[in-house]
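See below for the structure under consideration.
In listed order, ligands and their atoms are each counted from 1.
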Amino acid sequence: MKSKTKNNDWGLVLKILPYAKRKSPILLLSFILLIPLSIAGAIQPLIVGQGISLLRGEDTWGFLESYSVAEGLNLLAFILLGTIIFRTIFLAWQGFLVQKVGQEITAFIRQDLFNHVTSLSSNFFHKTPVGKLVTRLINDVEALGDVFATGAIGILSDVIYILAIIITMVSLQWQLALLLVFMLIPVSALIVYFQKQYRKANYVAREELSVLNAMLQENVVGINIVQLFRRERHNSELFRTVNERYRLAVDKTIFHDSAVSATLEWISLVAIAVVLWIGGVLILGDNLNYGTLSAFILYSQRLFDPLRQFADKFTMFQAGFTAIERISELMNIPIEIQDKDNDISLNHHNANQDAVGEIRFENVWFGYKPDEYVLKNLNFTIRPGEKVALVGPTGAGKSSIIRLLCRLYEPTQGRILVDGIDIRDITQAELRSHIGVILQESFIFAGDVKRNITLGETYDFDEIENAVKLTNIKPLIEELPQGYNTQLRERGANLSAGQKQLLAFARVAIRNPNILVLDEATSSLDVSTEADTQKALDELLINKTAIIIAHRLSTIRNVDKILVLKQGELIESGNHDQLLAENGLYASLYKLQMLATV
Ligand SMILES: Nc1ncnc2c1ncn2[C@@H]1O[C@H](COP(=O)(O)OP(=O)(O)OP(=O)(O)O)[C@@H](O)[C@H]1O
């Protein structure tokens, strides 16, 4: 079990090694700087010891013998100052380099994680609360960043410093040196024990933080419902429980962290006392001089100093390991929907075709969960330019068909073809550029109107204007305070639902796709805007294949074909008149709606 954890830790270290490699020259430089820095630090007590020996007339370094006591002291003070200045400058430089590299590596990891997460399937996002994802992308990556910024090189620096001190001490007086080294062993064991406990507690704390973030995010997003249903107090209570759990979990980490600091605090005092005691006995027996004893007293303090810092960084390392565990969990989630290496180009394929935009579902079965099919053996063809409506009761599977067509999910069985090519053989980017989807609610990004139409692609202003004219939304843009440059807030908070929807039309129009999908696209518009938009839509739909989902059946009377679904099965198909004549589900739904509007 023990070695398994160790192997896992090494596995985790190996995972971040490629990131460190990208910055290896600077990391190497910071590492090399550690050696002179540690030597400069280790000789300081030696210099102080020489000063005391000089004062007491004991043996000193040979070169000091040619000077008077006062001159020797000045020289030693000068050398000491030199080591201090050297350490100050180079420590600052080394610290800067390490922090900088740390930030850069953190940014690489954050970027890779973002790219990975945004490539994951819709399935993953349906299962994962946003707050949990944010914790991993921000807090965990930050914790890992700390490891690079101060931990990784810092821990090496402490090890080298401890080694430099031990070597200097052994060369000075090996008995006292051994005594201090022996004191290090049980202390280190104790520290390792506390650190292990810390690591466990830290994992729990991180999990609790995820829950806290998820809850916060849910409350902010659903603030309207929270307030309308007077859930503030209730939710505040729930939040308090989670908040308390997080506090208790963090308390545990603090306890183990403090235990390490306290252990080191008293052990360094004990070390000084032991050195004084044994050193005093050695002096009385004429086996040690005062200068060496003073140097050892300083060493016993300095030896535990880097150990304390080592322990602090170890804590950071443990937090870092927890972070890597959590980040790699996310990184290891496979990207379910991937492009193939030998994809067929739909553009290329269609270049010689007269009509494009054919959609064919062949024996398509699909379920969000294994064996719970929401679409069952679907077979239908939509010819190029045809306008087809999907009709059926709530939960019949209409939106699921669209998700499959856009390859947000993949069929469990069967295949879907666009212009005769299996959509799994087309790159996702090309497939989605051929399909324009307008959903019931459109998502607006924080940024100006123009950016919300182009979505980061490069279009001339003329193209934007054309799309806006084509979709009849020029009056909307003119109404906005700064026209195209009006800043929209996150999720379009400063637009009405209808306005957001109109922007979504322009977003699709500018891309000029061969296939248009309208999923309850006009339901948030008022009657007169809907009539205007319908005109614009008719224009937009010329020569294009369209799939329309609408609950108001009066809006789809004129389509070429209506596919009627019930519990995932295609039960009727035909135009409005044919289906009315059939007197099936469509006819009864239509008659019900007609009755309701009379
Ligand atoms: N992400 C999901 N995870 C699990 N089940 C889902 C998911 N999305 C939809 N479902 C289920 O799949 C079934 C079909 O849903 P779908 O959204 O396709 O229906 P719909 O016909 O579009 O309904 P509506 O008219 O209400 O929009 C429903 O039973 C629904 O509960």
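- The nearest heavy-atom contact from the protein to atom 10 (N) of ligand 1 is Y368 CE1, 3.3 Å.
- Note on E358 versus R383: no salt bridge recorded, every NZ/NE/NH1/NH2 to OD/OE distance being 4.0 Å or above.
- Residue S400 has at least one heavy-atom neighbour below 4.0 Å for each of these atoms of ligand 1: 14 (C), 15 (O), 16 (P), 18 (O).
- If you look at Y409 and F366, their ring centroids are closer than 6.0 Å.
- Using modelled atom types, one finds no donor on one side chain facing an acceptor on the other under 3.5 Å when comparing D339 with T427.
- Judged by distance alone, the side chains of N202 and T253 never bring a donor and an acceptor atom under 3.5 Å apart.
- Close approach of ligand 1 to H551 (heavy-atom distance below 4.0 Å) involves ligand atoms 25 (O).
- With atom 19 (O) of ligand 1 as the reference point, the heavy atom nearest to it among P393, G397, A550 is part of G397.
- For the residue pair D560 / N575, no side-chain donor-acceptor distance below 3.5 Å is found, with atom types taken as modelled.
- Under 4.0 Å from ligand 1, not a single heavy atom of K369 appears.
- E372 does not count as a contact of ligand 1, since none of its heavy atoms falls under 4.0 Å from the ligand.
- Using a 4.0 Å cut-off between heavy atoms, T394 contacts ligand 1 through both its backbone and its side chain.
- Counting only distance, with no hydrogens or angles, the side chain of Q428 and the backbone of I337 share a donor-acceptor pair below 3.5 Å.
- Under the 3.5 Å distance criterion, with hydrogens and angles disregarded, a donor-acceptor pair is assigned to the side chains of H576 and Y586.
- Contacts of K398 with ligand 1, taken as heavy-atom pairs under 4.0 Å, involve both backbone and side chain.
- Regarding atom 1 (N) of ligand 1, its nearest protein heavy-atom neighbour is H126 ND1, 3.1 Å.
- Side-chain N/O atoms of N558 and K387 include no donor and acceptor closer than 3.5 Å.
- Assignment of E520 to the shell around ligand 1 is not supported, since no heavy atom sits closer than 4.0 Å.
- The protein heavy atom nearest to atom 13 (C) of ligand 1 is V374 CG1, 3.6 Å.
- Within the structure, ligand 1 lacks G392 among the residues with a heavy atom less than 4.0 angstrom away.
- From the protein, the heavy atom lying nearest to atom 17 (O) of ligand 1 is S399 CB, 3.7 Å.
- Here the heavy atom of the protein found nearest to atom 28 (C) of ligand 1 is G395 O, 3.8 Å.
- Checked against Q217 for a side chain to side chain contact (heavy atoms under 4.5 Å, CB included), the options V220, N219, V221 give a single hit: V221.
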